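Remarks on the structure that follows.
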Number of protein chains: 2
Amino acid sequence: MERIMPKKRILPYVLLGLINNKGSLSGYQISQEFKHEVGDFWHASHSQIYPELARMKDDGWLIDHDEDKSTFYSVTETGYRVLRDWMKEPLTDNEEIFSLKLYFINEKSDPLLQHLLKQELKIKQSKLSYLQGRLKEVFIDQKIIQKSFGHYLILTRAIEREENHIQWLESKIAACDAN
Amino acid sequence: MERIMPKKRILPYVLLGLINNKGSLSGYQISQEFKHEVGDFWHASHSQIYPELARMKDDGWLIDHDEDKSTFYSVTETGYRVLRDWMKEPLTDNEEIFSLKLYFINEKSDPLLQHLLKQELKIKQSKLSYLQGRLKEVFIDQKIIQKSFGHYLILTRAIEREENHIQWLESKIAACDAN
DNA sequence: CTAAGCATGTAAAGAGTTACATGATTAG
DNA sequence: CTAATCATGTAACTCTTTACATGCTTAG
């Protein structure tokens with residue numbers, strides 16, 4: 001018995017996180033934000049941003065004030081609670097979401113930081129063993145490597161990538177523990 | 001004077017590449033493929049796959065034959081030309097497309113392999129210097145790091161990630177040159 | 001005086017997901 | 001005999017993009 005369960009929308013949380021980081025942002029400034037680091041893991045065009053901001057204001061997540069021909073939005077208490085609740089939701093095997101949530105943490109001392117790093121480490125460790133299993137399973141001999149060389153490359157690359165990510169996560173967990 | 005230019009669809013090329021890799025696949029088998037390595041950089045649900053296969057057959061990119069209650073598709077000469085043309089199109093800063101194209105190369109001796117690796121290396125090198133520039137530009141002092149710690153983390157992580165990727169690309173380019 | 005950028009908004013179309021459907025086969 | 005998996009297909013909906021629109025300001 002499946003109930004209609006719409007796909008979890010990310011955009012409102014992204015907007016909440018961005019506005020919360022900067023204190024207050026206009027729709028235009030948000031679209032500019034996506035041209036820098038955030039753009040690596042999320043993007044939205046202005047035609048999505050403006051109506052979304054209006055909806056979020058209606059929902060009481062944001063308040064607006066006009067200044068210099070621009071409408072600036074700030075996160076309300078309700079909005080901040082919504083954002084934090086989303087940040088606390090369990091991570092899945094989705095690096096973009098991890099990066100976004102990390103990006104939305106401002107203080108090194110925020111306990112969520114450690115929580116996120118440790119969650120992501122577990123996910124990545126199990127992903128790594130999955131990929132290592134696939135390598136053994138799929139590429140049982142040299143002949144298969146020769147005939148699917150691209151597949152072999154991307155699989156070995158994925159393994160290296162996960163190893164590198166795990167190392168980084170471990171070093172950051174250690175560094176944050178040292179406080 | 002802008003003309004209507006629909007967003008470049010990837011799905012048909014993904015299907016072409018997957019079918020070409022295996023010689024022949026059914027819609028169901030394709031949806032299973034997305035549960036493994038390919039799923040890391042592309043995904044499609046069966047409700048997208050079946051109509052797309054039908055369209056591609058109409059366009060003469062695929063031919064089908066029935067067997068055991070399944071419809072299997074193979075790539076036609078036209079389809080293969082379309083796939084190769086797409087593979088030769090310049091890469092952009094989009095790792096998924098790079099990985100997909102790499103995945104679709106079967107032979108180590110395929111000259112496209114070297115071409116892809118070198119193209120991606122250039123893109124990643126310029127991305128790395130962009131990110132290094134951002135780091136200097138944004139985090140001018142310790143105080144800013146303290147107040148945007150998450151941002152600092154994901155930016156330094158992105159830099160490490162690109163460095164690791166560049167190393168890998170360079171090692172593979174060298175290894176392939178050695179032939 | 002004009003092109004580029006600031007700033008916002010809506011409409012139309014396309015891509016992708018979830019749900020609804022059906023029917024066959026296989027394993028417990 | 002019943003749940004899971006194989007296998008395909010369509011309908012409805014959501015999300016995102018592109019295009020159409022407007023008006024203001026700044027730099028060359």
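Residue numbers start from 1 in every chain, and the chains themselves are labelled A, B, ... in the order their sequence lines are given, proteins ahead of strands. All values derive from a computational prediction rather than experimental measurement.
For the helix from C/dC1-D/dG28 to C/dG28-D/dC1, the end axes, each set by the C1' atoms of five terminal pairs, are bent relative to each other by 30° (nearest 10°).
Side-chain atoms of B/Ser70 do not come within 3.5 Å of backbone N or O of B/Asp66 as any donor-acceptor pair. Here the side chain of B/Lys122 pairs no donor or acceptor atom with the backbone of B/Leu117 at under 3.5 angstrom. Using a distance-only test at 3.5 Å, with no hydrogens or angles considered, no donor-acceptor pair links the side chain of A/Glu89 to the main chain of A/Trp86. Formation of a donor-acceptor pair under 3.5 Å by the B/Gln119 side chain with backbone atoms of B/Leu91 is found in this model.
In this structure, A/His151 has its ring center at least 6.0 angstrom away from the ring center of B/Phe104.
Heavy atoms of other residues, nucleotides or ligands lying less than 6.0 angstrom from CG of A/Asp58 number more than 12.
Side-chain N/O atoms of B/Arg9 include none lying less than 4.0 angstrom from OP1 or OP2 on C/dG14. A sub-4.0 Å separation between OP1 or OP2 of C/dT25 and a side-chain N or O of B/Lys69 is present.
B/Arg161 has a carboxylate O that lies under 4.0 Å from a charged side-chain N of B/Glu95, or vice versa, which qualifies the two as a salt bridge. B/Lys147 and B/Asp141 are not joined by a salt bridge, as no carboxylate oxygen comes within less than 4.0 angstrom of a charged side-chain nitrogen. One finds a salt bridge joining B/Lys127 and A/Asp40 here, because a Lys/Arg side-chain nitrogen approaches an Asp/Glu carboxylate oxygen to under 4.0 Å.
Computed from coordinates, the B/Asp64 CG to D/dT8 P distance equals 11 Å when rounded to whole Å. Residue B/His43 contributes atom NE2, which lies 14 Å from atom C1' of C/dA15 at whole-angstrom precision. For the pair B/Lys8 NZ and C/dG16 P, the computed distance is 13 Å after rounding to whole Å. Atom-to-atom, NE2 of B/His65 to P of D/dA7 comes out at 13 Å; the value is rounded to the nearest Å.
Within residues 46-55 of chain B, the residues approached by DNA chain C to less than 4.0 Å at the level of any non-hydrogen atom are B/Ser47, B/Gln48, in residue-number order. Scanning residues 13-35 of chain B for heavy-atom distances under 4.0 Å to DNA chain C yields an empty list.
A/Lys124 forms no cation-pi arrangement with A/Trp168, by the criterion of a distance under 6.0 Å to the ring centre and an angle within 45° of the ring axis.
Backbone-only engagement by A/Ser70 is indicated by non-hydrogen atom pairs under 4.0 Å involving sugar-phosphate atoms exclusively.
Both B/Asp68 and A/Ser45 lie close to DNA chain D; mapped to their nearest nucleotides by heavy-atom distance, the more 5′-ward contact belongs to B/Asp68.
Under a hydrophobic-cluster definition in which Ile, Leu, Val, Met, Phe, Trp and Tyr are linked whenever side-chain heavy atoms come within less than 4.5 Å, directly or via other members, A/Tyr103 and A/Ile123 are assigned to the same cluster.
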